[in-house]
Amino acid sequence: MNYGTFVRKRVLDIYVPFAVWTIIHMAVNRGLHPGSLDGWADLGLNLLTGKASSHLWYIIMLFQFYLLYPLFRSALLGVSRRFTLKMNVILLLVAGGLYVLVTAHITDIGSWMGQLHIPVWSDLFTTYADRNAFFYSFYFMLGAAAGMNQRVWKTWIRKARPFYWPLFFFLFGALLMKGIGEILTAQGAGITFYSLSLLRPWMAVFLICSIFVTYDVSVWICRHGGPVVNRLLSSLGLYSFGAYLMHLLTLRISYLADEAWFVAAPSWARILFSWGIGTMLAYAGARLISLLPFGKWLAGVPGGRSRRKRMTVKTAGTPADM
């Protein structure tokens, strides 16, 4: 693997669209100030932290994995080769348990790191803890384990299915009720959903279960969904990055329709309506932008013939058996 080529591709395909949408979100949310040094410093900080909009944290977190990928790859390959398959499975389970334990002490870790006053590092574990790749590293390990040992992965998935499916539904219901509770009890200050943070123990367990469940569903769709469903999902996947980058802006548009037609509707109905309209507008926007000559820099999808060729290859390459 050529590290320079690897990073360059991720910069062009992911970071450049992120940077463009950072500027757009800043312009819409609080305005740009290119006439002052403070304005340029604010832009630079947002390009490094993803603070321009509440959803851009994910790109910053993900990009840390891209930059550190060779290090993670070497470490995981070294461990997997050093120990037996059985020991690797045990180590993965232990890592999962430790990860859940870590999410229960995020505040304590942040307090300790903050007292050290180490430039950048202390900020990573305090102000920017929610986008610190370290706190999501187990998901990287889980993906690596699946990729390096597909046969074993499938065997364990099959054995564990009676456990993670019920746990998934139980946690989904519990977290859903918690979210609904926040909506019903919110007064004046607004809805934050802090109790549903990704860096909480039960949410971590839910996310791990959801990976297994999503894998099962994906395999079922690939085998039984048919060409129409697979083409639709391939299209959604192709434009999902661009849709993600713009979806908070399309949600704002959905609020206009919500306020015009659904003011008297129950909260859950208004949330579903806004979600549906915002999702459709984001997907449609990503598709339209990708048709432009410079669409790649906004939606991460090459336009014209390149886009059609990519869609054809992805659809034709749909696995018949997993």
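Only a predicted model underlies this, so the values are computations on that prediction, with no experimental measurement involved. Index from 1, following the sequence. The figures here come from the full heavy-atom set of this structure, side chains too, leaving out hydrogens, waters and symmetry mates.
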Are more than 12 heavy atoms, taken from residues, nucleotides or ligands other than Trp165, located less than 6.0 Å from that residue's CH2 atom? yes
Neighbour count above 12 (heavy atom, 6.0 Å) for Phe273 CZ: yes
Output the rest of the hydrophobic cluster of Leu248: all Ile, Leu, Val, Met, Phe, Trp and Tyr residues reachable through side-chain heavy-atom contacts under 4.5 Å, sorted by chain and number. Leu251, Tyr255
Is Leu142 close to Leu92 at the side-chain level, that is, under 4.5 Å between some pair of heavy atoms? yes
Does the gap between the ring centers of Phe206 and Trp202 come in under 6.0 Å? no
Taking every heavy atom of Trp297 against every heavy atom of Val20, the minimum-distance pair comes out as O-CG2, 3.6 Å
Rounding to 0.5 Å, atoms CG (Leu124) and CD (Gln64) come to a distance of 6.0 Å
Flag side-chain contact, heavy atom, 4.5 Å: Phe65 against Tyr136: yes
Value for OG1 (Thr103) from CG (Leu98), rounded to nearest 0.5 Å, stands at 11.0 Å
Could you tell me whether the side chain of Ile90 reaches within less than 4.5 Å of the side chain of Val94, counting heavy atoms only? yes
Are any of the side-chain heavy atoms of Thr49 and Leu56 separated by less than 4.5 Å? no
What are the two closest heavy atoms between Ser254 and Ser274, and how far apart are they? OG-O, 3.4 Å
Taking all non-hydrogen atoms of both residues into account, name the closest pair between Arg270 and Asp258 and its distance. NH2-OD2, 2.7 Å
For residues Phe168 and Phe212, establish whether the separation of their ring centroids is below 6.0 Å. no
Considering non-hydrogen atoms only, spot the tightest contact between Phe6 and Tyr66 and give its length. CE2-O, 3.4 Å
Phe135: which of Phe140, Trp57, Phe125 passes ring-ring contact (aromatic ring centres under 6.0 Å, His included): Phe125
Distance from His117 atom NE2 to Thr126 atom OG1, nearest 0.5 Å? 10.0 Å
In Arg161, Arg158, Lys154, the residue satisfying salt bridge (Lys or Arg N to Asp or Glu O under 4.0 Å) with Asp216 is Arg161
Nearest heavy atoms of Lys296 and Pro17, plus distance in Å: O-CG, 3.6 Å
Quick check: closest heavy atoms across Ile157 and Tyr164, and the distance to 0.1 Å? CG2-OH, 3.3 Å
Given Tyr69 and Tyr3, is the ring pair (Phe, Tyr, Trp, His ring centres under 6.0 Å) satisfied, shown in steps? CA-CA 9 Å; Tyr69 176 74; Tyr3 180 71; 8.9 Å; no
Roughly how far apart are Ile24 CD1 and Ser53 OG, rounded to 0.5 Å? 11.5 Å
Same cluster for Met246 and Leu281 if Ile/Leu/Val/Met/Phe/Trp/Tyr side chains link at under 4.5 Å? no
State whether the number of non-hydrogen atoms from other residues, nucleotides or ligands found under 6.0 Å of Arg81 atom CZ is greater than 12. no
Crowding at CG, Leu93 (>12 non-hydrogen neighbours, <6.0 Å): yes
Trace of the side chain to side chain contact (heavy atoms under 4.5 Å, CB included) decision for Ile208 with Phe138: CA-CA 9 Å; Ile208 293 169; Phe138 177 70; 3.6 Å; yes
Looking at Ser290 and Gly295, would you say the former's side chain and the latter's main chain have a donor-acceptor pair under 3.5 Å? no
Let's go through Leu67 and Val7 carefully: what are the C-alpha distance in whole Å and the side-chain angles of both, what is the deciding distance for side chain to side chain contact (heavy atoms under 4.5 Å, CB included) to 0.1 Å, and is it a yes or a no? CA-CA 7 Å; Leu67 293 176; Val7 172; 4.1 Å; yes
Leu288 versus Tyr239: any side-chain heavy-atom pair under 4.5 Å? no
Are side-chain heavy atoms of Ile180 and Leu176 found at a separation under 4.5 Å? yes
Using the benzene-type ring in the case of Trp, are the ring centres of Tyr244 and Phe241 under 6.0 Å apart? no
The reported gap from OH in Tyr128 to CG in Asn132 (rounded to nearest 0.5 angstrom) is 12.5 Å
Ile59 vs Trp21 side-chain heavy atoms within contact, under 4.5 Å: no
How many angstroms lie between CG in Asn2 and CZ in Arg8, if you round to the nearest 0.5 Å? 11.0 Å
Criterion side chain to side chain contact (heavy atoms under 4.5 Å, CB included) on Lys51 and Leu45, from CA distance to verdict: CA-CA 8 Å; Lys51 285 279 190 178; Leu45 182 63; over 6 Å; no
Please walk me through it: do Asn88 and Val152 pass side chain to side chain contact (heavy atoms under 4.5 Å, CB included)? CA-CA 11 Å; Asn88 281 322; Val152 178; over 6 Å; no
If you define the side chain from C-beta out and look only at heavy atoms, does anything of Met26 sit under 4.5 Å from Ile23? no
